[in-house]
There are 2 protein chains.
Amino acid sequence: MVPRPTLSPTALLESPLVKDRDAGSMQRQLYERLQRAILDGSLAPGSRLPGSRALAEALAISRNTVTATYEHLAAEGYVQPDRQGTRVTHLSSLALQKKKRVRKTAGTPATAQRLAQIKPGAPRAETDAALRPGVPALSHFPLAAWRRALDRAIRGAGSASLGYGDPLGEPALRAAIARHLSMARGVRCAPHQVVIAEGAQEAISLCVRLLSNPGDIGWVEDPGYRGVKAAMHAGDMRVVPVRVDAEGLCASDADWLRHPPRLIYTTPSHQYPVGAVLSIARRLDLIAQARQHGAWIIEDDYDSEFRHTGEPIGAMQGLVEDAPVLYVGTFSKTMFPSLRLGFLVLPEELAPGVQAPLEEMLRGGHRFEQLAMADFIESGQFTRHLGRMRRLYRGRQQALRLALHKHLKVPHEIEGGYCGLHLTVRLPAHFDDRQIAADALRRGMAPSALSGFAMQPLATDNGLVLGYGNTPTELFEPLVKRLSLLVRASQRS
Amino acid sequence: MVPRPTLSPTALLESPLVKDRDAGSMQRQLYERLQRAILDGSLAPGSRLPGSRALAEALAISRNTVTATYEHLAAEGYVQPDRQGTRVTHLSSLALQKKKRVRKTAGTPATAQRLAQIKPGAPRAETDAALRPGVPALSHFPLAAWRRALDRAIRGAGSASLGYGDPLGEPALRAAIARHLSMARGVRCAPHQVVIAEGAQEAISLCVRLLSNPGDIGWVEDPGYRGVKAAMHAGDMRVVPVRVDAEGLCASDADWLRHPPRLIYTTPSHQYPVGAVLSIARRLDLIAQARQHGAWIIEDDYDSEFRHTGEPIGAMQGLVEDAPVLYVGTFSKTMFPSLRLGFLVLPEELAPGVQAPLEEMLRGGHRFEQLAMADFIESGQFTRHLGRMRRLYRGRQQALRLALHKHLKVPHEIEGGYCGLHLTVRLPAHFDDRQIAADALRRGMAPSALSGFAMQPLATDNGLVLGYGNTPTELFEPLVKRLSLLVRASQRS
């Protein structure tokens, strides 16, 4: 804290102000001096301020400056004018006491209980740490083209787009996304069903806030994406983990009976993190059961634009008519993470009813970025960029797979990697995956521990999730060699 | 829904594919044809697919294309290879039934109960509607300078800033805000206390999520800002309205006793919407009581950079050392709304404890915009822009006041307007302010009804909140003339 000099009423009159031709500056100085003197008690409560004429003469300033300052102090309540002049207000001195301040903290934790339910994640790695899952190839992004698209959007839209805009997002972008999704992902939707959000995380959070009440049950994949648990806890839902196997989310009749869900979160095209594809039988069953139970499915389709083998796996949303599915997508992987642009596709039947609550919750904005993104899609630049990245990631995935085969000198199984930006290496239970991840982080590598994704980890939920999106091909061999040493060093006694 | 042609297994062999030199295109066509035939039942469950050689010959395509397609269908679970060939999976037909679909909707409202607590606001006006409160002068924003700052930020930071970045915001912007606030608003803070948010609304929502548990009491000003009620309801807090008078928020001993708050929301420098300044005595009392009760004050300082008379009213946050105050600010008024950039200043004692939960909740991003904003502040462009806007708004405020004096032909009282972008006109109770606002909206004007801001409206909470930020000076006289007619027409019988 800046020390506050104690001024006697006399000192107030004696010490000169810093001369300035700007009358506003003189007034500010006088205001601050008087304010401090009142707050620190050197101008006692009830005492009278000097007459404006006397003070103006003593300080060699204009009398107007003094009267304006007194009026302002009166407006804030520091002083009160009366017939004899201007008196200092009696102020509660409790807040001003510097010592022995009472603050009741028992029973009032600094952070809310709901946040304490979220177990902290591993220390956050730098975006460019090697093998970090979920980060696209940043240096391959066509930044100059994006910069031009943004510049064009600002010049084209002009100051008319400085206001809030449509809370659900720029109409041009919603239309471009609807067209792209129907072609690339088999999603059935019209532009009015598309809601622009701050990345997939906000889209998921919107689902929770729109469709759940406190105490409702939310199913999450186990192991699965941590962010959805945070969003459900924030909405005071009961989070129930449901196991994932080689065919994806594996809900039993007992699950439906004992924990009937309100929301079901799933990553059907590329399970995060283990890479399973939800089989067509399970997809149809999940849709049928969700309909019967009045539940909603949140389909997070975070990186399936990058399919490395065969045809893309189509979205669940488009599989049957009127599926009870909220489709969530993001441009974090297909464009770049700091764009913070994602979207939610509402089911047709839900769209009209949630329009008003969405307008209450969302504020629009980021309109130039959204217009530039619409332009990027409509001009074909987005599709070309996706094609280039798909080839790049395919090559990196093969190189990582080969490096693991050659240099990971422990028994292991590779899962996934046929899609997206990461694959998963399962390890025998006697290696400590969290230990490996922590050791790796200190060496500039950021694989994630598989066990960290599970709420009720089994012995088999042990291994490493390795990102290959943002790591150059030539580094995989030396990185895996180092990793192999760390894995062996982590062996539990 | 796109109609799905029914194909017999024979038709599958007979109708040719569209020839394309791209093998991927042929594979996609075959995949889609088989997928549809399985889903619509024309390829019966348990039936066998044609041999790959036979199908390749019949369709005159490469056998590799057929085997790759079969493998892909098997990976998704549409078919299963066995010793005799490839068989169609038995799929649950429930989800595929088009008629008589059962959906349990009783007891499962389309939107959650917590959202139903928020009464819908008035229809949303266009940003450029005349007299709309809270919108800055968009056509006076130096958009070309901003475009250059953004362009410079992208070229300067490059692809290194495409990743998520610090979840709490770009360090350069947090430092620039801390410096600006200490000089312009008397806020005491270091850069690590500043958290970048999506506008003031997200900053308030962070306070609720960080510091409250469901059922905790939140005080809001009555009349007051609607957005804070939405944020508190979303956090399942109990919202308690506390009256506002000419000296701002007026909490009695009974309020403290009967509804001890966890959070207190206030707009001390310029009460929204009535414009009162929270007096120094009440500020000190609020701080002292909050400390005693373990409550936190959310100080929303949304537009007090634009003070039209006397010195700026300093922030409560800086009034005394270690005030239990979370200071919220926004660039929506000082820059432009669609920037969606606001900030929260954490109390020193709270900052370390909430770092981890904030990193869980926030994703960073918008880094180029944040870097451009930091540059705008550090280069002095921001302060110069504020000075120009302050002069503009001062002139507009005076012109509106004059127009009301001349042309509003009903008894009324003007409040506020000495700060920011709006003033409030109180009207006698026999005029219907909601009626006036609705009529005005149909005529391109967007004043807000004062009664709409109150949770427990008194008869005196009747009038119009008029924005002058984005309305040109020469329009006030004709607008007020029209408004005067609408006011008179709204008289209750």
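Heavy atoms only: backbone and side chains are in, while hydrogens, waters and symmetry mates are out. Convention: sequence-line order gives letters A, B, ...; per-chain numbering from 1.
Using a 4.0 Å cut-off between charged side-chain N and carboxylate O, E360(B) and R226(A) make a salt bridge.
A donor-acceptor pair is defined here as one N or O able to donate and one able to accept, closer than 3.5 Å; no such pair exists between the side chain of S279(B) and the backbone of G77(A).
Looking at H366(A) and E369(B), their side chains never bring a donor and an acceptor atom within 3.5 Å of each other.
Using a 4.5 Å cut-off between heavy atoms, E202(A) does not touch chain B at all. With a threshold of 4.5 angstrom between heavy atoms, Y78(A) approaches chain B through its backbone and through its side chain. Heavy atoms of L341(A) lying under 4.5 Å from chain B are absent altogether. The contact between Q201(A) and chain B is made entirely by side chain atoms (from C-beta outward), counting heavy-atom distances below 4.5 Å. The part of F368(A) that comes within reach of chain B is its side chain, from C-beta onward, which places non-hydrogen atoms under 4.5 angstrom from that chain. Residue contact with chain B, scored on non-hydrogen atoms closer than 4.5 Å, involves the backbone of S161(A) exclusively.
Top candidate by heavy-atom pairs under 4.5 Å with chain A, chosen from A75(B), P337(B), S205(B), is P337(B). The choice from R367(A), R147(A), E71(A) that makes the most heavy-atom pairs within less than 4.5 Å of chain B is R147(A).
Atom NE2 of residue H140(B) and atom CG of residue L162(A) lie 12.5 Å apart, to the nearest 0.5 angstrom. Put simply, CZ on R155(B) and CG on L143(A) are 10.5 Å apart, with the number rounded to the nearest 0.5 Å. L39(A) contributes atom CG, which lies 6.5 Å from atom CG of L284(B) (distance to the nearest 0.5 angstrom). If you take CG on L91(B) and CG on D285(A), they are separated by 10.5 Å, rounding to the nearest 0.5 Å. In this structure, CG in L150(B) is found 5.0 Å from CD1 in I154(A), a value given to the nearest 0.5 Å. Atoms CG and CG, from D236(A) and D236(B) in turn, are 5.0 Å apart once rounded to the nearest 0.5 Å.
The minimum heavy-atom distance between Y164(B) and G134(A), with the atom names listed, is OH-O, 4.5 Å. Considering every non-hydrogen atom in both G163(A) and S338(B), the closest pair reads O-CB, 3.0 Å.
Legend: residues meeting salt bridge (charged side-chain N to carboxylate O under 4.0 Å, His left out) with R340(B), ordered by chain and number and at least two apart, are absent. For the ring-ring contact (aromatic ring centres under 6.0 Å, His included) test, no residue two or more places apart in sequence or in another chain qualifies with Y70(A).
Side-chain contact between Q35(A) and I280(B) is absent, with no heavy-atom pair separated by less than 4.5 Å. By the 4.5 Å heavy-atom criterion applied to side chains, E198(B) and E198(A) are counted as neighbours.
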